Amino acid sequence: MSERRAELARRLAELRSRISRACLAAGRDPDSVDLLAVTKTVPASDVAVLLDLGLTAFGENRVQEAATKVAAVAALRPAARPSWHFVGSLQRNKARSVVRWADRVESVDSIRLADALDAAVRREQETGERTERLPILLQYSVDGDPQRGGVPREGLLPLAEHVTGCAGLRLAGLMAVAPLGSEPDAAFADVAAAAARLRERFPQATVVSAGMSGDLEAAIRHGSGVVRVGTALVGDRPLTSR
Ligand SMILES: *Cc1c(COP(=O)(O)O)cnc(C)c1O
């Protein structure tokens with residue numbers, strides 16, 4: 001076993017036990033929390049190893065890096081069926097590119113972006129490249145700071161309403177990042193309340209994606225169903241190859 005493979009296996013085992021402990025402490029079933037491996041900045045060879053170790057869902061935040069990596073992983077592990085999630089800020093003119101490989105977009109925070117993704121998906125549906133709608137999560141902004149992405153509290157339900165009218169999209173839930181310097185429990189309690197308001201009006205919006213390397217315990221305490229973990233899993237590793 002290569003050194004890197006051994007390191008990733010060790011980190012994954014530690015992370016899984018962290019998630020289990022957090023679930024037990026919160027009185028939750030460990031199977032109720034999905035792990036999304038955020039593989040931005042790591043090479044395709046690491047993703048291949050993570051697939052070998054049993055992970056199936058991967059998150060990327062740069063359009064070009066991701067497109068290259070998705071193709072490289074498919075070449076390395078042709079039999080695998082990874083699911084790829086886009087979690088970064090997205091410019092509307094990149095919607096068509098993302099829709100080619102993304103199985104879910106977690107960072108929809110404006111009507112304009114929803115419309116661009118919808119148009120890109122419908123175009124693929126027309127050409128037969130895609131049959132299903134694209135599942136999306138609305139990115140919710142806890143502090144309402146427009147610089148950091150996310151739709152503020154008052155925009156959440158109107159955006160959800162809009163998305164449900166898009167023939168190419170399927171509203172699946174909510175994603176959030178705790179603001180820098182915030183108290184994680186307060187931030188994730190707010191996210192949980194927003195998710196509950198969303199689900200009340202749109203029962204299909206069941207997914208809550210919250211919690212990263214530094215704050216996943218707090219997110220799990222407040223009901224998150226998906227933790228998005230980069231650093232704790234892959235280390236502080238610059239992109240060395242694509
Ligand atoms: C990078 C990133 C993560 C993972 O963060 P870590 O602290 O490395 O675990 C999760 N979500 C989003 C949106 C990210 O950009």
Side-chain angles (χ1 to χ4, degrees), residues 7-42 46-47 49-51 53-62 66 82-89 103-109 135-143 145 148-150 172-196 198-199 205-237:
E7 183 192 349
L8 289 172
R10 177 181 56 76
R11 284 178 174 277
L12 177 59
E14 280 168 11
L15 177 59
R16 288 220 191 274
S17 90
R18 246 182 99 186
I19 293 170
S20 295
R21 283 196 306 272
C23 286
L24 287 179
R28 299 182 55 190
D29 177 352
D31 290 338
S32 69
V33 176
D34 292 334
L35 172 57
L36 176 65
V38 178
T39 47
K40 64 191 188 202
T41 77
V42 305
D46 276 6
V47 181
V49 170
L50 294 172
L51 277 165
L53 294 171
L55 292 185
T56 53
F58 302 94
E60 291 286 332
N61 75 339
R62 293 247 160 75
S83 91
W84 291 99
H85 299 220
F86 189 77
V87 301
S89 79
D103 297 291
R104 181 157 95 193
V105 174
E106 300 208 354
S107 44
V108 176
D109 62 358
I136 61 118
L137 303 186
L138 304 182
Q139 184 177 347
Y140 170 67
S141 170
V142 174
D143 60 2
D145 178 355
R148 304 198 57 237
L174 192 77
M175 183 273 261
V177 179
L180 276 178
S182 68
E183 208 280 299
D185 274 292
F188 293 126
D190 184 274
V191 171
L198 180 66
R199 210 163 43 233
T206 54
V207 177
V208 182
S209 170
M212 320 197 299
S213 294
D215 56 18
L216 65 89
E217 283 83 2
I220 287 172
R221 252 194 311 280
H222 293 279
S224 174
V226 182
V227 292
R228 305 178 310 272
V229 181
T231 317
L233 184 59
V234 299
D236 281 314
R237 209 158 177 273

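Bear in mind the structure is a predicted one, so any value in this text is a computation, not a measurement.
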Is [Y] close to [X] at the side-chain level, that is, under 4.5 Å between some pair of heavy atoms?
| X | Y | result |
| --- | --- | --- |
| Ser182 | Leu180 | no |
| Val38 | Glu60 | no |
| Ile220 | Cys23 | yes |
| Ser209 | Leu137 | yes |

Closest non-hydrogen atom pair, Leu36 against Gly59: CD1-N, 3.7 Å

Over all atoms of both residues, closest heavy-atom pair of Ala37 and Leu55: CB-CD1, 3.9 Å

Hey, does the side chain of [X] reach the backbone of [Y] with a donor-acceptor pair shorter than 3.5 angstrom?
| X | Y | result |
| --- | --- | --- |
| Ser224 | Ala210 | yes |
| Arg199 | Ala194 | no |
| Ser213 | Ala232 | yes |
| Asn61 | Gly88 | no |
| Asp215 | Met212 | yes |

Worked verdict on Val229 versus Leu216 for side chain to side chain contact (heavy atoms under 4.5 Å, CB included): CA-CA 8 Å; Val229 181; Leu216 65 89; 4.0 Å; yes

Does [X] come within less than 4.0 Å of [Y], counting only side-chain N to carboxylate O?
| X | Y | answer |
| --- | --- | --- |
| Glu7 | Arg11 | yes |
| Arg221 | Glu217 | no |
| Arg104 | Glu106 | yes |

Salt bridge (Lys or Arg N to Asp or Glu O under 4.0 Å) pairs, two or more places apart, involving residues 24-37: none

Residues which pass ring-ring contact (aromatic ring centres under 6.0 Å, His included) with Phe86, listed by chain and number, not counting sequence neighbours: none

[atom2] on [Y] to [atom1] on [X], rounded to 0.5 Å:
| X | Y | atom1 | atom2 | result |
| --- | --- | --- | --- | --- |
| Leu15 | Arg10 | CG | CZ | 12.0 Å |
| Leu233 | Leu12 | CG | CG | 6.0 Å |
| Thr39 | Trp84 | OG1 | CH2 | 5.0 Å |
| Leu51 | Asp46 | CG | CG | 11.0 Å |

Could you verify whether a donor N or O on one side chain and an acceptor N or O on the other, from [X] and [Y], lie under 3.5 Å apart?
| X | Y | answer |
| --- | --- | --- |
| Tyr140 | Asp190 | yes |
| His85 | Asp103 | no |
| Arg16 | Ser20 | no |

Which residues share a side chain to side chain donor-acceptor pair (under 3.5 Å) with Arg148, sequence neighbours left out: none

Chi angles and distances behind the side chain to side chain contact (heavy atoms under 4.5 Å, CB included) call for Asp109, Ser141: CA-CA 9 Å; Asp109 62 358; Ser141 170; over 6 Å; no

Val191 and Leu174: CA distance, side-chain angles, deciding distance, side chain to side chain contact (heavy atoms under 4.5 Å, CB included) verdict: CA-CA 8 Å; Val191 171; Leu174 192 77; 4.1 Å; yes

Worked check of salt bridge (charged side-chain N to carboxylate O under 4.0 Å, His left out) between Arg18 and Glu14: CA-CA 6 Å; Arg18 246 182 99 186; Glu14 280 168 11; over 6 Å; no

